[in-house]
Amino acid sequence: MSSTTSAPLSQTALALIESRLNTIERLLLDRVPRQDRLAIVQEVESQIHHLLESRGSENPTTDDVLAVLAKLDPPEAYLGEASSTAGPAQAAARRPRPSRTSPSASERPEAPGSEALSRASGFVGLGGLLGLPLLAGLGFLLVSQGGSEVFAYAFLLVLALLTGGAGSIGIGLAIASRRAGVWSIVGAASSALLLILLPTSMACLLLAG
Amino acid sequence: MNAWETQLRKGLVELAVLAAIHRGETYGYRIVEELGRRPGLEFTESTVYPVLTRLAREGEVAVREEASPAGPTRRYYRLTAQGLERLKEMSARWKTMSDSLTNLIDAKD
């Protein structure tokens, strides 16, 4: 779209006007019929030149153009109005088209029960994370109270199985839930932390023994 | 401007634009200026222009293009018979609703 005016505009000034008009046209693409889109842009262009003329300057400068553009509605303002005044055909055109690329994780349809799996992952992970210090503390108390070495090793084994199992199950559930929702993230993170803390806890108990 | 007022104004913009054009053949920015002078009808160009182009597409206004002193071609709008009919219909409905609401607010009946 070319801008013409009775007063010569510099290339920079023309480029500023063109840029504004192109932005409006781009935003209206697929929102209003082509005929309407071109007419709206034409109106805006006409308004810009009308406002430039009303400033009284024989040779409008870039500053004049910037001042005029600053008075106009921003291009984004046309989005709301275009949506509310478009007809049914345009509303249909605005419906999201199916993407050719594979959907992102957030767009993938949730498998049945994935939310339940996600919650289970969260509970198992958090439960394990909270239970580990309790169990470790209990073990420490028992061992330090003069429990036998066999008992200590047996307790360690149980601790390892429980926490390691909880951590693995939590991560497995998070994966199975396809990371649906916040709970799966909580579950995966807490389960991973559990698996990291497990050897530390066992080492502490061994040293205590 | 609260949400209620925004919704109210959205409902009135078409009537306001038709009424402004009914006063005589005019162009887009002139309509914006005309409405902007009236309290409560300060619709900006991003509201008015899409309505104008839709009214033209639907046959309520006719468009004539003419070279303007300011450079690019200017679009002049006038009401068609269909547009006049629509204006009369909307005006009548507006008056009815406006009178009823005023009476209700003033507790006259």
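Chain identifiers are assigned alphabetically (A, B, ...) following the order of the sequence lines, protein sequences preceding nucleic acid strands; residue numbering begins at 1 within each chain. If you're wondering where the values come from, they're calculated on a predicted model, not measured in any experiment.
Crowding of A/Arg34 atom CZ: a count of heavy atoms from other residues, nucleotides or ligands under 6.0 Å not exceeding 12. Within 6.0 Å of the CZ atom in B/Arg93, the count of heavy atoms belonging to other residues, nucleotides or ligands does not exceed 12. Residue-environment remark: CD (B/Glu66) exceeds the threshold of 12 foreign heavy atoms within 6.0 Å.
Using a 4.5 Å cut-off between heavy atoms, A/Leu72 contacts chain B through both its backbone and its side chain.
Heavy-atom minimum distance, A/Glu43 versus B/Tyr29: OE1-N, 4.3 Å. Across B/Glu45 and A/Asp73, no two heavy atoms sit closer than the pair OE2-N, 2.5 Å. Nearest approach of B/Ser46 to A/Ala77, heavy atoms of both residues: OG-CB, 3.4 Å.
Annotation: maximal heavy-atom pairing with chain A below 4.5 Å, among B/Val32, B/Val63, B/Thr53, occurs at B/Thr53.
Using a 4.0 Å cut-off between charged nitrogen and carboxylate oxygen, A/Asp36 and B/Arg57 count as a salt-bridge pair.
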Item to complete: Tell me, with the steps shown, if A/His50 and B/Arg30 meet side-chain hydrogen bond (donor to acceptor under 3.5 Å, both in side chains).
Response: CA-CA 10 Å; A/His50 177 102; B/Arg30 172 68 63 80; over 6 Å; no
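Residues of residues 75-82 of chain B lying under 4.5 angstrom from chain A, judged on non-hydrogen atoms, are B/Arg75, B/Tyr77 in numerical order.
The line from OG1 of B/Thr44 to OH of A/Tyr78 is 7.5 Å long, rounded to the nearest 0.5 Å.
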